[in-house]
Amino acid sequence: MVRTNPHSISTEQYRTIRTNILFSMPADDMKTILFTSPSKEEGKSTTCSNMAVVFAESGKRVLMIDADMRRPTLHHTFHMSNKSGLSNLLLGKGRLSDTIKMSGVKNLDLLLCGQIPGNPAELLQSAEMDILLKDLREMYDLILIDSPPLLAVADSKILANKCDGSVLVVNTGKTEKASVVKARDALVTAKAFVLGVVLNNFDLAKNHLYYQNYGS
């Protein structure tokens with residue numbers, strides 16, 4: 001959305017989220033932000049991809065990582081091959097410099113999922129993941145990580161504990177309140193710093209004309 005329709009209401013909302021995230025970060029050295037959701041198909045991957053672009057537009061050197069090693073989507077979004085990526089690095093196959101890909105957007109690089117492994121949670125929990133994040137922090141201003149749904153598998157809780165902050169994406173009108181509470185509790189249990197919640201697919205019908213006129 002941000003690339004194809006930069007002046008749309010949705011794009012402006014992503015820029016607003018960017019501002020809110022920056023205001024919510026208590027320290028300048030916060031670099032790793034996890035994007036997750038209570039359940040599948042809530043828009044976390046789309047949100048993470050668009051946020052990566054708007055952060056890159058602001059001049060920050062950004063890396064987006066597809067850490068959903070069960071249902072990866074980043075390679076589809078940017079029309080790339082998923083033969084090598086995060087899983088390969090964690091298994092000691094390949095070099096970081098060869099695995100990181102240019103996105104086609106200035107200041108934005110990508111680390112795709114790579115081949116889907118049989119033990120995603122164990123790989124994300126590994127010392128190799130800690131070392132990788134440490135190395136990446138020295139290379140980039142900001143690292144955005146797309147992860148699986150919180151209530152489905154343990155992967156996101158593991159990552160939330162390793163990241164400086166977490167953003168929960170919730171599908172308005174579809175996600176049950178109980179699921180949101182459980183997801184929040186899971187992040188708390190993981191000792192995650194919750195930056196906030198994105199309400200996805202929120203109906204702006206009543207305010208649409210006002211925002212459209214104001215933006216133009």
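When a residue number appears, it is its place in the shown sequence, counting from 1.
- Other residues, nucleotides and ligands contribute more than 12 heavy atoms inside 6.0 Å of the CE atom of Met139.
- Counting only residues at least two apart or on different chains, no side-chain hydrogen bond (donor to acceptor under 3.5 Å, both in side chains) pair has a member in residues 82-91.
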Would you check, one step at a time, whether the test side-chain hydrogen bond (donor to acceptor under 3.5 Å, both in side chains) holds for Asn200 with Asn171? CA-CA 5 Å; Asn200 196 30; Asn171 194 343; 5.2 Å; no

Could you walk me through whether Asp155 and Ser147 pass side chain to side chain contact (heavy atoms under 4.5 Å, CB included), step by step? CA-CA 7 Å; Asp155 304 20; Ser147 69; 5.9 Å; no

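- The heavy-atom pair separating Ala121 from Ile158 by the smallest distance is O-CD1, 3.6 Å.
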Candidate pair Leu86 and Leu132, rule side chain to side chain contact (heavy atoms under 4.5 Å, CB included), full reasoning: CA-CA 9 Å; Leu86 177 62; Leu132 177 61; 3.4 Å; yes

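- Counting heavy atoms from C-beta on, the side chains of Leu123 and Met129 never come closer than 4.5 Å.
- Under the 4.5 Å side-chain contact rule for hydrophobic residues, Val181 and Val194 do not share a cluster.
- Two residues are said to be in side-chain contact when any heavy atoms from C-beta on lie closer than 4.5 Å; Leu159 and Ile145 meet this criterion.
- Under the side-chain hydrogen bond (donor to acceptor under 3.5 Å, both in side chains) criterion, the residue pairs touching residues 174-198 are Glu42-Thr175, with sequence neighbours excluded.
- The salt bridge (charged side-chain N to carboxylate O under 4.0 Å, His left out) check on Glu12 picks up Arg15, with sequence neighbours excluded.
- Between Val153 and Pro148, the closest heavy-atom pair is CG2-CB, 3.7 Å.
- Transitive grouping of hydrophobic side chains (ILVMFWY, heavy atoms separated by less than 4.5 Å) brings Val198 and Val54 into a common cluster.
- Here the closest heavy-atom approach between residue Asp146 and residue Ser45 is recorded as OD2-OG, 2.6 Å.
- Under a 4.0 Å N-O distance rule, the pair Asp164/Lys31 does not qualify as a salt bridge.
- Scored by the side chain to side chain contact (heavy atoms under 4.5 Å, CB included) test, Ile116 finds Pro72 as partners (sequence neighbours excluded).
- Shortest non-hydrogen contact noted between Thr77 and Ser49 is CG2-OG, 4.1 Å.
- Residues meeting the side chain to side chain contact (heavy atoms under 4.5 Å, CB included) test with Ala160, sequence neighbours left out: Leu34, Ser166, Leu187, Ala190, Ala192.
- In this structure, the separation between CD on Gln125 and CD on Glu128 is 11.5 Å, given to the nearest 0.5 Å.
- Side-chain N or O atoms of Thr99 include none that pairs as donor or acceptor with a backbone N or O of Leu89 at under 3.5 Å.
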Step by step, work out the side chain to side chain contact (heavy atoms under 4.5 Å, CB included) result for Ile33 and Leu142. CA-CA 8 Å; Ile33 301 177; Leu142 194 62; 3.9 Å; yes

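- Grouping the Ile, Leu, Val, Met, Phe, Trp and Tyr side chains by contacts below 4.5 angstrom, directly or via other members, places Leu22 apart from Ile143.
- To the nearest 0.5 Å, atom CG of residue Leu112 and atom NE2 of residue His76 are 10.5 Å apart.
- Between His75 atom NE2 and Ser81 atom OG the span is 8.0 Å, to the nearest 0.5 Å.
- Cluster membership check: Leu108 does not share its hydrophobic cluster with Ile100, using side-chain heavy-atom separations under 4.5 Å among Ile, Leu, Val, Met, Phe, Trp and Tyr.
- Considering every non-hydrogen atom in both Phe193 and Ser24, the closest pair reads CE2-O, 3.8 Å.
- A heavy-atom distance below 4.5 Å is not found between the side chains of Phe78 and Lys101.
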Only pairs under 3.5 Å count here: list side-chain donor-acceptor contacts from residues 58-69, not counting sequence neighbours, and write none if there are none.
{"unit_1": "Ser58", "atom_1": "OG", "unit_2": "Phe55", "atom_2": "O", "d": "2.5"}
{"unit_1": "Arg61", "atom_1": "NH2", "unit_2": "Asp109", "atom_2": "OD2", "d": "3.1"}
{"unit_1": "Asp66", "atom_1": "OD1", "unit_2": "Asp68", "atom_2": "N", "d": "3.1"}
{"unit_1": "Asp66", "atom_1": "OD2", "unit_2": "Thr73", "atom_2": "N", "d": "3.1"}
{"unit_1": "Asp66", "atom_1": "OD2", "unit_2": "Leu74", "atom_2": "N", "d": "3.0"}
{"unit_1": "Asp68", "atom_1": "OD1", "unit_2": "Arg70", "atom_2": "N", "d": "3.2"}
{"unit_1": "Asp68", "atom_1": "OD1", "unit_2": "Arg71", "atom_2": "N", "d": "3.0"}

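- In terms of modelled atom types and a separation under 3.5 Å, the side chain of Lys157 and the main chain of Leu150 share a donor-acceptor contact.
- Thr46 is listed as a side-chain neighbour of Tyr14, based on a closest heavy-atom distance under 4.5 Å.
- Looking at every heavy atom in both residues, Ala56 comes nearest to Val105 through CB-CG1, 4.5 Å.
- The NZ atom of Lys134 sits 13.5 Å away from atom NZ of Lys162, with the distance rounded to the nearest 0.5 Å.
- The hydrophobic cluster containing Leu110 does not contain Tyr140, counting ILVMFWY residues as joined when their side-chain heavy atoms lie under 4.5 angstrom apart, directly or transitively.
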Side chain to side chain contact (heavy atoms under 4.5 Å, CB included) assessment of Leu144 paired with Met51: CA-CA 8 Å; Leu144 305 187; Met51 292 308 303; 4.1 Å; yes

